[in-house]
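All remarks here apply to the structure that follows.
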Amino acid sequence: MSDQGPEGIRLQKVLAKAGIASRRVAEELIDLGRVQVDGEVVREQGRRIDPDKAVVHVDGVRVVLKDDVVTLVLNKPRGVLSTMHDETHRPCVGDYLANRKERLFHVGRLDADTEGLLLLTNDGDLAHRLMHPSYGVSKTYLAEVPGPVAKDVGKRLRAGIELEDGPVTVDSFKLISSAPGRALVQVVIHEGRKHIVRRLLEAVGHPVEHLVRTAVGEVQLGNQRPGSMRVLNRQEVGSLYKAVGM
């Protein structure tokens with residue numbers, strides 16, 4: 001019997017093609033009730049779906065079904081613009097994508113002086129939700145600032161700081177290390193306003209000297225080299241989908 005039919009493709013074949021498991025293991029996952037299609041648990045082996053329309057989860061993690069959808073992490077170096085092209089030929093994100101066949105775009109921006117994690121994708125719906133303030137996806141930064149850092153700085157930031165374009169609160173603030181005259185702090189925030197971390201830290205008397213974004217949601221930069229890119233794994237993509245309710 002063919003896997004391809006007028007009503008779609010067999011679910012176990014779709015899961016195997018998506019790299020979840022072999023067809024035999026995919027059938028076991030279906031038997032165990034670990035697969036959902038459009039929000040409903042599927043236990044029937046003959047179920048056919050349209051991969052272009054169906055939303056499939058395995059163990060609560062959404063599965064990317066389309067072959068041409070890709071999401072990457074770029075460790076953006078300092079001095080690189082968050083744009084695909086610069087008319088004055090300054091270094092930009094587009095320079096790193098010249099040899100890729102997909103038409104990718106960056107999810108939000110990092111200013112030229114900020115390094116770190118920048119998501120690149122051709123999944124328009126995911127990108128839109130990640131950038132929309134209503135979903136409040138957290139972003140984690142490491143900032144080098146003048147020290148010492150007073151004990152009440154974290155409390156002030158969590159309580160809220162009034163900036164020229166409105167109040168801002170951080171999700172968390174942590175002193176990572178300190179040395180004479182300088183300190184390394186971690187800021188977790190879900191705001192996306194321009195230069196928001198720099199403006200916040202300056203407002204509490206600690207202007208940023210060096211800033212790196214280390215995470216977006218559960219996706220971590222880790223020890224990825226500056227200027228390098230990597231493809232997100234299934235769990236990482238699934239965590240982004242979950243964070244924005246997809």
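- To the nearest 0.5 Å, atom CD1 of residue Ile161 and atom CD of residue Glu202 are 12.5 Å apart.
- Distance CZ/Arg10 to CZ/Arg48: 5.0 Å, rounded to 0.5 Å.
- When all heavy atoms of Val80 and Cys92 are compared, the closest pair comes out as CG1-C, 3.5 Å.
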Carefully, step by step, assess Leu119 and His106 under the rule side chain to side chain contact (heavy atoms under 4.5 Å, CB included).
CA-CA 6 Å; Leu119 293 173; His106 49 86; over 6 Å; no

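- Hydrophobic clustering keeps Leu130 apart from Leu110 (ILVMFWY residues linked when any side-chain heavy atoms are closer than 4.5 Å, directly or through intermediates).
- The heavy-atom pair separating Thr121 from Ala127 by the smallest distance is CG2-CB, 3.9 Å.
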Just list the side-chain donor-acceptor pairs under 3.5 Å for residues 237-246, sequence neighbours left out, or say none.
| from | atom 1 | to | atom 2 | distance (Å) |
| --- | --- | --- | --- | --- |
| Ser239 | OG | Glu236 | O | 2.6 |
| Tyr241 | OH | Asp123 | OD2 | 2.7 |

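- In the hydrophobic clustering of this structure, Val212 does not group with Val187; members are Ile, Leu, Val, Met, Phe, Trp, Tyr whose side-chain heavy atoms approach within less than 4.5 Å, directly or through other members.
- Look at Glu209 and Arg182 and you find a salt bridge, because one of the NZ, NE, NH1 or NH2 atoms lies within 4.0 Å of a carboxylate O, short of that distance.
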Full working for side chain to side chain contact (heavy atoms under 4.5 Å, CB included) between Leu211 and Val208:
CA-CA 7 Å; Leu211 187 63; Val208 171; 3.7 Å; yes

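- Inter-residue side-chain proximity for Val185 and Val153 is flagged as unmet; no heavy-atom pair is nearer than 4.5 Å.
- Side-chain N or O atoms of Asn75 include none that pairs as donor or acceptor with a backbone N or O of Ser228 at under 3.5 Å.
- In summary, Arg199 and Asp165 engage in a salt bridge, as defined by a charged side-chain N under 4.0 Å from a carboxylate O.
- For the atom pair NE2 (His85) and OG1 (Thr88), the distance works out to 8.5 Å, reported to the nearest 0.5 Å.
- Follow the hydrophobic side-chain contacts under 4.5 Å out from Val64 and you never reach Val231; the two are in separate clusters.
- Every residue meeting the ring pair (Phe, Tyr, Trp, His ring centres under 6.0 Å) condition with His128, not counting sequence neighbours, appears here in chain and number order: His132.
- By the side chain to side chain contact (heavy atoms under 4.5 Å, CB included) test, Asn122 pairs with Val69, Val70, Glu102, Leu104, sequence neighbours left out.
- In this structure a side-chain-to-backbone donor-acceptor pair under 3.5 Å is missing from Arg230 to Val73.
- Arg158 is listed as a side-chain neighbour of Phe173, based on a closest heavy-atom distance under 4.5 Å.
- Closest approach of Gly108 to Leu118, counting heavy atoms only: O-CD1, 3.9 Å.
- When atom types are taken as modelled, the side chain of Thr83 and the backbone of Asp86 share no donor-acceptor pair closer than 3.5 angstrom.
- Closest heavy-atom contact between Arg23 and Ala16: CG-CB, 3.8 Å.
- Residues Val56 and Arg62 form no side-chain contact, since every pair of their non-hydrogen atoms from C-beta on lies 4.5 Å or further apart.
- Closest heavy-atom contact between Val188 and Ser138: CG1-CB, 3.9 Å.
- If you chain together ILVMFWY residues whose side-chain heavy atoms come under 4.5 Å of each other, Leu184 ends up grouped with Leu142, Ile176.
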Determine, step by step, whether Leu97 and Met84 satisfy the side chain to side chain contact (heavy atoms under 4.5 Å, CB included) criterion, reporting the C-alpha distance in whole Å, the side-chain angles of both residues, the deciding distance to 0.1 Å, and the verdict.
CA-CA 9 Å; Leu97 303 174; Met84 291 302 174; 3.7 Å; yes

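- From Leu157, atom CG reaches atom OG of Ser172 across 10.5 Å, with rounding to the nearest 0.5 Å.
- When every heavy atom of Lys76 is checked against every heavy atom of Ser82, the shortest pair comes out as CD-OG, 3.8 Å.
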What verdict does the side chain to side chain contact (heavy atoms under 4.5 Å, CB included) test give for Lys139 and Arg213, after you've listed the backbone C-alpha separation in whole Å, the side-chain angles of each residue and the deciding distance to 0.1 Å?
CA-CA 7 Å; Lys139 302 169 185 67; Arg213 184 158 71 191; 3.7 Å; yes

Decide side chain to side chain donor-acceptor pair (under 3.5 Å) for Arg198 and Thr114; before the verdict, give the C-alpha distance in whole Å, the side-chain angles of both, and the deciding distance to 0.1 Å.
CA-CA 10 Å; Arg198 293 179 183 275; Thr114 301; 3.1 Å; yes

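- Put simply, the side chain of Lys13 never gets that close to the backbone of Lys17: no donor and acceptor are under 3.5 Å apart.
- When hydrophobic clusters are built by joining Ile, Leu, Val, Met, Phe, Trp and Tyr residues whose side-chain heavy atoms come closer than 4.5 Å, directly or via intermediates, Ile189 is grouped together with Leu175.
- Contact of the His210 side chain with the Val145 side chain is not registered, since no non-hydrogen atoms from C-beta on lie closer than 4.5 Å.
- Here the side chains of Pro146 and Pro207 are in contact, with some heavy-atom distance below 4.5 Å.
- Inter-residue side-chain proximity for Tyr141 and Thr214 is flagged as unmet; no heavy-atom pair is nearer than 4.5 Å.
- In this structure, Leu81 stands alone, with no Ile, Leu, Val, Met, Phe, Trp or Tyr side-chain heavy atom under 4.5 Å from its own, directly or through other members.
- To the nearest 0.5 Å, atoms CZ (Arg234) and CG (Leu232) are separated by 13.0 Å.
- Note on Val93 and Leu72: same hydrophobic cluster, where clusters join Ile, Leu, Val, Met, Phe, Trp and Tyr whose side-chain heavy atoms are under 4.5 Å apart, directly or indirectly.
- Under a cut-off of 6.0 angstrom, the local environment of CD in Glu164 is crowded, with over 12 non-hydrogen atoms contributed by other residues, nucleotides or ligands.
- Separation of atoms OG1 (Thr140) and CG (Leu117) is listed at 9.5 Å; rounding is to 0.5 Å.
- Heavy-atom neighbours of Glu162 CD from other residues, nucleotides or ligands within 6.0 Å: above the threshold of 12.
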Kindly list each side-chain donor-acceptor pair under 3.5 angstrom involving residues 28-37, sequence neighbours excluded, with atom names and distances?
| from | atom 1 | to | atom 2 | distance (Å) |
| --- | --- | --- | --- | --- |
| Glu28 | OE2 | Arg24 | NH1 | 2.8 |
| Asp31 | OD1 | Gln45 | NE2 | 2.8 |
| Arg34 | NE | Asp59 | OD1 | 2.8 |
| Arg34 | NE | Asp59 | OD2 | 3.4 |
| Arg34 | NH2 | Asp59 | OD2 | 2.7 |

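- Contact check for Met229 versus Arg100: side-chain heavy atoms found under the 4.5 Å cut-off.
- Considering only heavy atoms from C-beta on, Tyr96 comes within 4.5 Å of Pro77 through its side chain.
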